[in-house]
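Please read the structure below before turning to the comments.
What you are looking at is a predicted structure, and each value in this text was computed from that prediction instead of being measured.
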Amino acid sequence: MASHEEDCSPNTLAFMELAIQQAKLAMDSLEVPVGCVIVEDGKVIASGRNRTTETRNATRHAEMEAIDILLEHWQKNGLSKLEVAEKFSNCYLYVTCEPCIMCAAALSILGIKEVCYGCANDKFGGCGSILSLHLGSSEPLKSGVDTRARMQGLFAIVAILGVPLTIP
């Protein structure tokens with residue numbers, strides 16, 4: 001991670017303030033106060049806040065809300081899957097708390113360019129506190145590579161979720 005001075009550019013602070021506003025909206029709705037914004041070309045193109053209680057859906061984290069807004073918008077505009085992937089690869093996410101393992105996995109799969117978060121998530125963090133799902137995500141598996149070592153992150157997720165897993 002870069003030094004504190006590099007991380008706190010005026011733009012970063014402005015985008016984090018917008019994420020904090022979303023977190024306040026979540027708190028006002030009796031949700032866990034997490035909010036985010038997604039930025040492309042220096043402009044906010046989506047925002048989200050936790051809505052798990054409101055929707056009675058445990059997956060409705062701030063990041064997923066913002067992602068779904070973009071997916072719906074881009075699909076309505078007729079963007080192909082390739083164009084959507086290209087758009088996500090040019091986006092930055094600013095979020096008040098480190099994305100959980102579920103959200104970090106989604107962000108990694110989507111290819112979000114960079115994630116900037118306000119505080120660590122010591123229980124569920126997927127960007128370094130518990131797991132580092134962003135590391136090596138762009139590296140394809142190569143023949144001759146020990147796939148068990150490469151899959152360590154997956155096994156950790158499975159263990160945390162308590163999913164039975166059998167390996168042939």
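A distance of 9.5 Å separates CD1 of Ile45 from CG of Asn90, quoted to the nearest 0.5 Å. Within the model, atoms CG of Leu13 and CD of Glu17 stand 9.0 Å from one another, a figure rounded to the nearest 0.5 Å. The CD atom of Glu65 lies 10.0 Å from the OG atom of Ser47; values are rounded to the nearest 0.5 Å. In this structure, the separation between CE on Met102 and CZ on Phe124 is 11.0 Å, given to the nearest 0.5 Å. Atom-to-atom distance recorded for Ser89:OG and Lys113:NZ is 7.5 Å, nearest 0.5 angstrom. For the atom pair Tyr92 OH and Asn11 CG, the distance stands at 11.0 Å (nearest 0.5 Å).
There is a path of hydrophobic side-chain contacts, each under 4.5 Å, that joins Ile67 to Tyr117. Grouping the Ile, Leu, Val, Met, Phe, Trp and Tyr side chains by contacts below 4.5 angstrom, directly or via other members, places Val32 with Val95. Linking ILVMFWY residues whenever their side-chain heavy atoms come closer than 4.5 Å, directly or via other members, leaves Ile112 and Val37 in distinct clusters. Following chains of ILVMFWY side-chain contacts shorter than 4.5 Å, one can reach Val44 starting from Met16, so the two form part of one hydrophobic cluster.
With contacts defined as side-chain heavy-atom distances shorter than 4.5 Å, the pair Thr12/Cys116 qualifies. Annotation: side chain of Arg49 is not in contact with side chain of Val34 (no heavy-atom distance under 4.5 Å). Taking the side chain as every heavy atom from C-beta outward, Thr96 and Pro33 never approach each other to under 4.5 Å. Annotation: side chain of Ile101 is in contact with side chain of Ile130 (closest heavy-atom distance under 4.5 Å). Contact check for Arg60 versus Asn50: no side-chain heavy atoms found under the 4.5 Å cut-off. Counting heavy atoms from C-beta outward, Val115 and Leu107 have side chains that approach closer than 4.5 Å. Between Leu93 and Phe88 there is no side-chain heavy-atom pair separated by less than 4.5 Å. Looking at heavy atoms from C-beta onward, Leu70 lies out of side-chain contact with Val84 at the 4.5 angstrom threshold.
Between the side chains of Asn57 and Thr59, at least one donor-acceptor pair of N or O atoms lies under 3.5 Å. Ser129 and Glu98 form a side-chain donor-acceptor contact under 3.5 Å, judged by distance and modelled atom types alone.
Of the possible polar contacts, one joining the Glu31 side chain to the Thr53 backbone as a donor-acceptor pair under 3.5 Å is found. A distance-only check finds no donor-acceptor pair linking the side chain of Glu63 to the backbone of Cys36 [under 3.5 Å]. Ser108 contributes no side-chain N or O that, together with a main-chain N or O of Ala104, makes up a donor-acceptor pair within less than 3.5 Å.
Of all the heavy atoms in Ile38 and Cys91, the pair that sits closest is CG2-CB, 3.7 Å. In plain terms, the two heavy atoms of Pro99 and Cys103 that are nearest each other are CB-CB, 4.0 Å. Taking all atoms of both residues into account, the shortest heavy-atom contact from Asn121 to Cys97 is CB-SG, 4.0 Å. Ala66 and Gly48 make their closest contact through CB-N, 4.0 Å (heavy atoms, listed as atom of the first residue, atom of the second, distance).
Sequence neighbours left out, the pairs with a member in residues 74-94 that pass salt bridge (Lys or Arg N to Asp or Glu O under 4.0 Å) are Glu40-Lys87, Glu72-Lys76.
Listed by chain and number, the residues in a ring-ring contact (aromatic ring centres under 6.0 Å, His included) with Phe15 are Tyr94 (sequence neighbours excluded). Taking the side-chain contact (heavy atoms from CB on, under 4.5 Å) definition, one finds that Asn77 meets it with His73, Leu79, sequence neighbours left out.
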